[in-house]
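For reference, the structure is listed below as structure tokens.
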Amino acid sequence: MAVSEDLLWDAADRSTRTVRRLRRMAVIVACLGLFGLVLWMGSDVRWAVCAAAVYVLVEIAHWAWDRRRLVEARIVIGEDDARPRLRLRRAGGRITEHDPHQVAQVLIIHDNVVDSANLRLRLRGKQLFFARPGRSPALTTWRETCPRAAVKDRNAWWGMPGIPD
């Protein structure tokens with residue numbers, strides 16, 4: 001088992017993207033509201049208000065899901081018993097530590113178009129973590145760190161691998 005402080009996963013984008021999301025929500029809702037006011041005279045505009053409300057609800061759901069995604073995974077020495085621990089940091093800032101022996105599955109999905117990958121990490125007890133895209137890590141480090149885990153990688157099922165000349 002690796003006992004040094006190794007970086008196992010590092011996402012390319014660690015920010016919470018709150019300002020961009022709020023700006024996008026405000027522009028979309030304002031445009032739908034303006035469009036609804038223009039059509040207010042001749043028709044029923046409840047659809048514009050409903051569309052804006054649905055859009056805001058979808059953005060809130062995506063924000064709640066996105067802030068749970070992992071942006072960093074590293075192995076650190078535990079403070080209590082000097083045993084290695086798996087430290088996971090989420091996009092929302094929450095940091096949790098887990099026993100590396102409790103990791104059941106590590107799946108790295110390589111992108112077909114750009115040089116990036118996605119991480120899916122499953123702990124025993126069915127807890128599943130998704131990570132934001134980042135650089136593709138070495139599988140041997142994951143295998144050494146989490147000896148009981150099924151460490152696999154695969155290519156994505158979408159995207160074009162390239163256009164021939």
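Index from 1, following the sequence.
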> Passes side chain to side chain contact (heavy atoms under 4.5 Å, CB included), Asn118 versus Phe130? Steps please.
Replying inline: CA-CA 8 Å; Asn118 285 321; Phe130 291 93; over 6 Å; no

>> Is there a continuous path of hydrophobic side-chain contacts, each under 4.5 Å between heavy atoms, that joins Leu70 to Ile109?
In response: no

> Who pairs with Arg120 by salt bridge (charged side-chain N to carboxylate O under 4.0 Å, His left out), at least two apart in sequence or on another chain?
Replying inline: none

> Is Val151 reachable from Ile108 through a run of I, L, V, M, F, W or Y residues, each pair having side-chain heavy atoms under 4.5 Å apart?
Replying inline: yes

>> Just verifying a value: how many Å separate Leu123 CG and His101 NE2, rounded to the nearest 0.5 Å?
In response: 13.5 Å

>> Check this for me: Arg94, atom CZ, are more than 12 non-hydrogen atoms of other residues, nucleotides or ligands nearer than 6.0 Å?
In response: no

>> If you compare all heavy atoms of Pro100 against all heavy atoms of Pro84, which two are closest, and at what distance to 0.1 Å?
In response: CD-O, 3.4 Å

> Should Trp142 and Ile75 be marked as a side chain to side chain contact (heavy atoms under 4.5 Å, CB included) after you check the CA-CA gap, both sets of side-chain angles, and the distance that decides it?
Replying inline: CA-CA 10 Å; Trp142 278 103; Ile75 192 78; over 6 Å; no

>> What's the separation between atom CZ in Arg132 and atom CZ in Arg90, rounded to the nearest 0.5 Å?
In response: 12.5 Å

>> Working to the nearest 0.5 angstrom, can you tell me the gap between Leu86 CG and Asp99 CG?
In response: 9.0 Å

> Should Lys152 and Gln105 be marked as a side chain to side chain contact (heavy atoms under 4.5 Å, CB included) after you check the CA-CA gap, both sets of side-chain angles, and the distance that decides it?
Replying inline: CA-CA 8 Å; Lys152 299 183 274 186; Gln105 181 184 21; 3.5 Å; yes

> Which value, rounded to the nearest 0.5 Å, describes the distance between Leu8 atom CG and Cys146 atom SG?
Replying inline: 6.5 Å

>> Can you confirm whether Val106 sits close enough to Arg122 that some side-chain heavy atom of one is under 4.5 Å from a side-chain heavy atom of the other?
In response: no

>> Quick check: is Val103 connected to Leu107 through a chain of hydrophobic side chains (ILVMFWY, heavy atoms under 4.5 Å apart)?
In response: no

> Rounded to the nearest 0.5 Å, what separation is found between the CZ atom of Arg148 and the CZ atom of Arg124?
Replying inline: 6.5 Å

> In Å, rounded to the nearest 0.5 Å, how long is the span from CZ of Arg85 to CD of Gln102?
Replying inline: 9.0 Å

> Mind checking who shares a hydrophobic cluster with Val54, ILVMFWY linked at side-chain heavy-atom distances under 4.5 Å?
Replying inline: Val58

>> For the CZ atom on Arg135, are there more than 12 heavy atoms of other groups (residues, nucleotides or ligands in this structure) within a distance under 6.0 Å?
In response: no

>> side chain to side chain contact (heavy atoms under 4.5 Å, CB included) for Leu88 and His98? Distances and angles first, verdict last.
In response: CA-CA 8 Å; Leu88 304 176; His98 305 276; 3.5 Å; yes

